[in-house]
Each structure stands twice: as structure tokens, then as C-alpha cells.
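Reading through the C-alpha cells given below for one structure.
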Amino acid sequence: MPTVLESGSMEKAYNAGEVEEKIYNNWEKKGYFKPEVNPQGKPYCIILPPPNANGDLHFGHAMFVIEDILIRYHRMKGCQALWLPGTDHAGTETQFVFEKKLQEQGKSRFDYSREELYKMIWDYVQENRGGIDKQLRKLGFSLDWSRSKFTLDEDIVKIVKQTFRKMYEDQLVYRDYRLVNYCTRDGTSFSDLEVVNKETEGSLYYIKFPLKNGGFVTVATTRPETFLGDVAVMVNPKDKRYKDLVGQTVVLPFIEREIPIVADEYVKMEFGTGAVKVTPAHDFNDFEIARKHKLTFPPIIGFDGKMQNTKGILDGLYVKQARTEIVNKLEGAGFIEKIAPHKMVIPTCYKCKTVLEPLPLEQWYVKVQPLISNAIKSLDNKFTKIYPANFTPILKSWYAGLRDWNISRQNVWGIQIPVWYNTTGHEAEFNVSFIDKKGVSQSGSLDEVLEKGHSMEEILKGLQKVNAPITSEVVFEDEKKENGRYLPETDTFDTWFSSGQWPYVTLKTTKLGDFEKFYPTSVMETGYDILKAWISRMLMLGLYVANGQHVEDLGKIKDTVPFKDVVLHGLVNDPLGKKMSKSKGNVVNPLEVVDQYGADSVRLALVYGTALGNDQAMSYTKLDASKKFANKLWNMARFIEMAEKDTNQIFEVTDSLAELKNSIKDSVNLDWIEKTEDLSQEITAYLDKYQFNLAAERLYDFIWHDLADKYIEIVKKDSLNREGWIVLKTVYLTSLKLLHPFMPFVTEEIFQTFLGREKSIMIEKWPTVVS
RNA sequence: GGACGCUUAGCUCAGCUGGUAGAGCGCUUCAUUUACACUGAAGAUGUCGGGGGUUCGAAUCCCUCAGCGUCCACCA
């Protein structure tokens, strides 16, 4: 029964700021965010894409309102709706931020052992944690906070390590020595996906290499400084110009090293001079070629970005300086034929924009072929569907060109790759760097440092980095023999390796039975910008992890996809349509906008008028319109409430429109009930098809331009007719329920004003038409 | 060099399983001690980027061209 209203209980205008926090806290206290509010319902689950644990809310996160709409809708439909929150440790990102802080204090990561550094970053993240949760609450997100997870939670780390071990046993991960994209500033390698290719105006240098038998061969290169590491000159076997040169010997300038001229189809005759220098240690193609022709690959660029092993010619110089230096030298000695301007693409670090160097390093790789094949099966058979659909071919074409995935990162902040290397008998081949007990940095081969009197315990304690040869014996913690001498892998996993298992690891570690109940999850909703980085990895790893092995069976694939639907939203740009970025200084803080307009208005403005998957420019006029709409809703309620007060009665409402219909005599009122039934059917259909903009527009239009502008006027003219008031109030409250997923706070405030504080619109039944 | 998206009213954008166009803001006129001025009523404004095709009929499907944007790509 509705409570008796106090006279004049409603303010003239709706004040979002005053009610939102109070309402949210009440919801949470009552436990409405937990799936257990509908213990008998069908499971429905969305896993929140975990924001960085130490980050702040931005408009991308605000777009998660789509997930809240889906969750609230399904909760009202009676589902056991679980929206599971969590945060990500964001390895590279976080360590990058932290190292910047260290730098400000005049320190660097190399001043600490791994353990110390990890502890420091852990504390730093703890300090900043919780901010993002508060901010998500402000937007009204009905997340089940009792199930919140962090990627570095012990139970999660354990599963991620198990996955790795399983994959190792199944030969889906392997270790290899090959070129990686290495950032010499951040001190780590990256996967291909993290490389930002930048087009720049460079130069093509034509260098005359002297032949042993006299004469020259001219090679064209964009990287003259690397010729000191060259192992061959290569021409196309069909190239008549160089027919006689194949098999001859080149004598490299200054260092007088002799290298062969070889033939390979790979060389394009029309490019440059048709003769190319081969630098296996610092060029991806050359590396492959060198393997094929069984050439050596001496590295002349170090992990510090400085030249090395150049017989003193360029040693110690940074690559850029080295280039200028060597070009001058070559020019002075008459080895430069010409220098031509040349458009080229250089790989840069997505974090710090440093030019990435291809450097040879032992790393762990995921063998992607079997995983991709299953991921594609799940797409082709529509076990997982992507909305909007045009993102499906984008993902598939990315899969098609994917090379094995480098998951090793030379970061401390992350999940350590859980393997050990047996050094026994191979001490000379292992390189270690560590901080000794006096706090002094040491490095060298294991042999050397042991001979200097450092103990194994001391090395392990201060360990910063191990370079284990590719041939070393790999063991897991429990496989170590008592008298063995082992060094741990010091690299950590690519963050996406752990977050790629997120739907599985979260549901496995929240509440007993969650996994069985909620996996496969219903929807994965995120910005299209992480389709490749994240969605693709979850699909690849999810199928594998959930089955505990690689499966071929379609039925099993169907039952173990990490999510049935993928819903992708677009980017929120600045009011002028430009991408928001800190460096441009055009970042708008969504929380400030919430303070100004109210969470409901921000939510509505974000879904209204933008088709799914399309970018939008943040719009103040849309925010104004949304705020006016909230106020309109409020005043509609106030109108009804004032009528109740004036006539000193309560207009009783029923949940069921169908039931109400039976008792209605006036055909106009009947019409409005039917219109509302149609509305609820339309909104339901729109939501089921993820057409949030259309649902929002329809609700806005109906409530404002039908209900308020027309029906209220009709009822007003015949204000002594109680039936009209009852239908009006019922229709109004019904449309509020339909609107609730979009604007949870106003709709709740109004609902409770009419029906009492102990009721809640968020657990009301979704108005569906039973025919 | 590929792929995807966008091009619709002055501005920002919806609409696209085909039936000759919609919203918000803006503009014009009027109303108004009104639930709400964070209001209502009426109205003006568009050869739906250009060209071609399919169709009884296309903003919506196909082809093509142009401009813009985004993503991808190891060519020295």
C-alpha cells in the first residue's frame, strides 16, 4: 500500500545532486546489486572490463552505462543478473607511471631488486585504489561489489600460472630466440599489436661497399649505422645486373670484415639499387633470411639503445648519434654514393613514443594457430556474435594475419612467468644482473659473479634480470631438484595474457557455483578500440581455459565461449569531435559533468542520438536536453501528486496493464493503456537488439510529447474523472520502469515518492505484455 | 598499399530487413500568475556527398567516383 504523502512534499525542480548518493547507498545496503535478489531467475552475466586499478574514470568508462542498462533490464525481467566488477594491474601502463615518479625523485628501476620494486609499486597502487570504484558508483552502476576482483589477487594469479603450465605441456607456449619489438627506454619488449607505426620523412642512403676483387656494389639502406653488423649482401637471383656478383665477397668499410654476396628471391629488383645489406640482429626480415641461409647474427645494438661490438667505431653512441657519425665517416671516405629523401614507417613505443629497436631476445610465445582456429569457429558458427556486425570481419582478418604472440615482458609489475632454468653445468651461459648485499649493482655471467664470491642466495635476493639461453632446461617450481642450481624467469606476462582469461578466472574465484551458473557470460561490452587487444585474446584463451585443453568439438566450443554476445561502443570525443588526450589538453572529466548535470542526464546523453559502435562528440546541448527531461519527469510526478493532495486521495495503481484494462470504461483511457503496452513491447525489442539509442529516443518522445503534452492535458480538462487519473498514473509509472535502466536515479526517486521508501523500482517487474 | 566507418535541416546527429525524411539545439509567430519558462501550440528550413544500376518505388540494396576519419601493413 502506498504511504500517505505529506502535503507539498515535492520540490519545484528536480535536484539530482541531493538524491543520487542517498539512493545508491540504499540500493547497495539492500543488496539489490547481487544476483541473489532473483534466486530463481535465469542467469545473466556481464563482466565489467576491468579499469586500471590506479586509474581515474574517463568517458570510455562512462560508456559502460550500456552494461548497466542491460543489467538493470534483465534484473527487472527476473534474471539472476550479475555484473561483476574488477580492476586490472595494467603492467606496462602502471610501471610506466611509477617509473616516472621514481625519475622525479632522481631514481630509476635499476636501483632496486625485483622484489623491492614490486613491493613499491604494489603500495603505490594500493594507495590509489578504490578511486575508480567510487567513480563507477557515482554513475549509478549496479555492480555486485561483493564479487570484485583484481588481476593480482592470489587466486587469480594461481590460475593464470596454471594456464601457462598447461599450455606449456600442451605445447601451446614455447620459448624462442628471435627479434622482438624492444623499447630501450621502458626496458621491455612488446607484442606486435603494441607497436605504433609512424610514417616519417627519412633518407635512403646509397653506400658503396668495396668488393674484395676490386670495384664496388652499392646498397640502399635507411639504417646505415647497422652495416657494422652486416653478414651478407643480397641480390635477386633473376637480377641480370648482379649475376656475376653472387658468390663474391664484400669487404665492409673500416672494419675490413668480409661478407658474402648471396641471392634470394626476397629482394625486390626495383627498390633502391636491387642490392640489399643483411643485418640479421636488427631487422625482422633479415633475421628470417639469416636463419634460412644459416648466417650468424651478431647484435651491435644493446638493450640500452647504445651501439656495441663495432670495434670502437660507434661503441657507446645512441643509434641516432651513431647514424650521423657513420654517415659522416662514410662520406669522408667516399663510400656514400648519394642520399635520397625517403618516406618510411618507423615503429615506436605506444607508451613513450621512443623508436623501437628490433633486438634479439629469448622470449615466451603463444602458438596462436590452434587458438585462432577455434576462435574463428565460434564466430563463424555464431556461438559468439558481435554487435555491430561489421566488426566481425575486422577481427577475423586480424586473426588471419596474426603471428605468434610474444607474452614476455621485462617488467616487474605483473605476474611472473612461473618457470625456472637449470643452470647446472651451464653457468657461463647465463647472464644475470642483481644488486648485491652492499647495494651495488652487479652483472655478468653467473660463472663470473659466483667466482667473485657472491652466493646463489645473494644473487636470487637482489635479482633484476636473468638472460637464460634458449637451450636451458625449463622446470616448474615443484620440479626443482634439491641440489640443482636454478634461476627463475624474471619476465612477467603481457597484461593481456591474464586479462585474456578474465571471464574464466573471475567467475572461478568469486563464489562457489558462480562459474557453473554464469559461464559462458551473456555479454561482453567494451569500446571497439580494444577489440583486438582484448576481445580477441579472451576468445582465444577462454575456449582453451574453460575446456582445460584445446578442443575441436563444435559442441564443446559452443558451451565454453567466454561470452555469447560482444557489444561494442564508440569513442567519446571532445565537444569538437577531436579525440580527448592529455597532451592536447582537451580531456573532459566525466565526474565534473555528473556534478553539473546529474548522473541520469549524463547516462541518457551518452546513449541518446548515437548509434552503437559510432563515435560521438561530447555534447553539452544533449546534456542540457537530458537535464530538462529529468526535470520534466519530475514535474509530471509533481502534477499527479498535487492532484492527489488537492482531492485528498491516492490514485491506486496496479502492476498489470492488462488487469487495469478490464475495468476501464472510457475509450480514450483505454487507448493510452494500449499505447503503453505497445511502448513496452518496442522498448523490449530495442533492448534485445542492443539498439539503445532507439529505445532512449522512443521513451523520451513518448513520455514528453505524448504523455506530458497530450494525455496530461486531456486528464487536466476532465479533472473530476478519477479513472483518467488512475490510468495516467499507471501509464506514467509504467513508462518510468521502462526508463529506469537509462535513468535509474530520478525514476527511483519518483517511484519511492509515490509508493514509499521501502519499495524500489529497480527490483520491480519489467512491464511486458502478456498476450 | 589494404580494411572499416562517415558524408541527411544552420549546428550535432538519428533513421538503413526499401514505401518519396526525424530529434535536440537554433530560428519565426502566438500563448501563458501555468505540474514544468528546464513550458505549450503552430510554423519555416533538406534534389538524404556526385554519378550509374536493381525495383512499381531507394536516404535505405548493388556498382563507381570524391572528401573526411579510424584501424591495419616487415619492404631494405
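Naming convention: chains lettered A, B, ... in sequence-line order (proteins, then strands); numbering from 1 in each chain.
Remark: the separation of the P atoms in B/A59 and B/G50 is 11 Å, to the nearest Å. Taking the C1' atom of each, B/C56 and B/G40 are spaced 43 Å apart, rounded to whole Å. Distance noted for atom P between B/G5 and B/G15: 14 Å (whole Å). Atom name P, nucleotides B/G18 and B/C61: the rounded distance is 8 Å, in whole Å. Distance noted for atom P between B/U7 and B/C13: 9 Å (whole Å). Distance noted for atom C1' between B/C25 and B/A35: 24 Å (whole Å). The same atom, C1', is picked in B/C68 and in B/G57; the two are 32 Å apart, to the nearest Å. Using C1' as the reference atom, B/G49 and B/U8 are 10 Å apart when rounded to the nearest Å.
Put simply, the side chain of A/R603 gets close to the backbone of A/P741: a donor and an acceptor are under 3.5 Å apart. Judged by distance alone, with hydrogens and angles left aside, the side-chain atoms of A/S626 form no donor-acceptor pair with the main-chain N or O of A/L604 at under 3.5 Å.
Shown here are the side-chain hydrogen bond (donor to acceptor under 3.5 Å, both in side chains) partners of A/T647, two or more places apart in sequence or in another chain: A/Q649. For A/T310, the side-chain hydrogen bond (donor to acceptor under 3.5 Å, both in side chains) criterion is met by A/D315, not counting sequence neighbours. Listed by chain and residue number, nothing satisfies the ring-ring contact (aromatic ring centres under 6.0 Å, His included) test with A/Y266 (two or more places apart in sequence, or in another chain). Remark: A/D529 pairs with no residue by the salt bridge (charged side-chain N to carboxylate O under 4.0 Å, His left out) rule, at least two apart or across chains. Under the rule for a ring-ring contact (aromatic ring centres under 6.0 Å, His included), the partners of A/F745 that lie at least two apart in sequence or sit in another chain are A/W27. Taking the side-chain hydrogen bond (donor to acceptor under 3.5 Å, both in side chains) definition, one finds that A/S189 meets it with A/Q363, A/N406, A/Q410, sequence neighbours left out. Not a single salt bridge (charged side-chain N to carboxylate O under 4.0 Å, His left out) links A/D600 to another residue, sequence neighbours left out.
Taking only side-chain atoms of A/A611, from C-beta outward, the nucleotide of B/C75, B/C13, B/G15 with the closest atom is B/G15. With distances taken from any side-chain atom of A/N693 to the nucleotides B/A14, B/C75, B/A35, the minimum falls on B/A14. Closest approach to the A/V276 side chain among B/C36, B/C71, B/A76 is made by B/A76 (side chain taken as heavy atoms from C-beta onward). Between B/C74, B/A23, B/A76, one nucleotide has an atom nearer to the side chain of A/R403 than all others, and that is B/C74.
The aromatic rings of A/Y597 and A/Y620 are tilted relative to each other, their planes meeting at an angle between 30° and 60°.
Computed from coordinates, the A/M234 CE to B/C75 P distance equals 15 Å when rounded to whole Å. Atom-to-atom, CG of A/L531 to C1' of B/C72 comes out at 12 Å; the value is rounded to the nearest Å. Note: CG (A/D230) to P (B/A76) measures 15 Å, nearest angstrom. Distance A/N285 CG to B/A73 P: 14 Å, rounded to the nearest Å. Following rounding to the nearest Å, A/N614 (CG) and B/C71 (P) show an atom-to-atom distance of 15 Å. Between the P atom of B/A14 and the CG atom of A/L694 lies a distance of 11 Å, rounded to the nearest Å.
Comparing A/A625 and A/M642 by the nucleotide of RNA chain B whose heavy atom lies nearest to each, the residue mapping closer to the 5' end is A/A625. Toward the 5' end of RNA chain B, the nearer of the two residues A/N635 and A/L612, judged by each one's closest nucleotide, is A/L612.
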- Item | Pair assignment for RNA chain B - dot-bracket with | for other-strand partners, Watson-Crick or G-U under 3.5 Å | (((((((..((((........)))).(((((.......))))).....(((((.......))))))))))))....

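Within the nucleic acid shown, A/K622 has no heavy atom closer than 4.0 Å to any nucleic acid atom. At a threshold of 4.0 angstrom between heavy atoms, the contacts of A/G609 are confined to the sugar-phosphate backbone, with no base atom among them. Looking at heavy-atom distances under 4.0 Å, A/Y620 makes no contact with the nucleic acid at all. Residue contacts for A/S397: at a heavy-atom cut-off of 4.0 Å it reaches no nucleic acid atom on any strand shown. Within 4.0 Å of A/T221, counting heavy atoms only, lie sugar-phosphate atoms of the nucleic acid but no base atom. Residue contacts for A/I712: at a heavy-atom cut-off of 4.0 Å it reaches a base atom on one of the strands shown. Looking at heavy-atom distances under 4.0 Å, A/Y528 makes no contact with the nucleic acid at all. Within the 4.0 angstrom heavy-atom criterion, base atoms lie near A/F271. A/V267 comes within 4.0 angstrom of a nucleotide base, judged by non-hydrogen atoms across all strands. No contact: A/D701 has no heavy atom under 4.0 Å from any strand.
Look at A/N181 and you won't find any side-chain N or O under 4.0 angstrom from OP1 or OP2 of B/C74. Taking 4.0 angstrom as the limit, A/N197 places none of its side-chain polar atoms (N or O) nearer than this to OP1 or OP2 of B/C71.
Under 4.0 Å is where a charged nitrogen must lie from a carboxylate oxygen, and between A/D380 and A/K396 at least one such pair does. Ion pairing between A/K208 and A/E337 fails under the 4.0 Å rule for side-chain N and carboxylate O. Of the charged side-chain nitrogens involved, at least one lies within less than 4.0 Å of a carboxylate oxygen, so that A/R403 and A/D192 count as a salt-bridged pair. Remark: A/R291 does not engage A/E288 in a salt bridge, criterion side-chain N to carboxylate O under 4.0 Å. A salt bridge between A/K729 and A/E652 is absent, with no side-chain N of the basic residue lying under 4.0 Å from a carboxylate O of the acidic one.
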What pairs of nitrogen or oxygen atoms, one from the protein and one from nucleotides 38-40 of chain B, lie under 3.5 Å apart?
residue: B/U39; atom: O3'; partner: A/K632; partner atom: NZ; Å: 3.2
residue: B/G40; atom: OP1; partner: A/K632; partner atom: NZ; Å: 3.4
residue: B/G40; atom: OP1; partner: A/W704; partner atom: NE1; Å: 2.2
residue: B/G40; atom: OP1; partner: A/D709; partner atom: OD1; Å: 3.3

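Taking every heavy atom of residues 714-722 of chain A and every atom of RNA chain B, pairs under 4.0 Å involve A/K716, by number. Residues from residues 385-396 of chain A placing a heavy atom under 4.0 Å of any atom in RNA chain B, listed by number, are A/N390, A/I394. Residues of residues 569-579 of chain A that place a heavy atom closer than 4.0 Å to RNA chain B do not occur.
Within the model, atoms CD1 of A/I750 and CD of A/E641 stand 11.0 Å from one another, a figure rounded to the nearest 0.5 Å.
The number of heavy atoms from other shown groups lying within 6.0 Å of NZ (A/K367) does not exceed 12.
The two residues A/P298 and A/H282 make their nearest non-hydrogen contact at O-NE2, 4.5 Å.
In this structure, A/F271 has its ring center under 6.0 Å from that of A/H342. In summary, the aromatic rings of A/Y732 and A/W672 are positioned with their centroids too far apart to meet the 6.0 Å limit.
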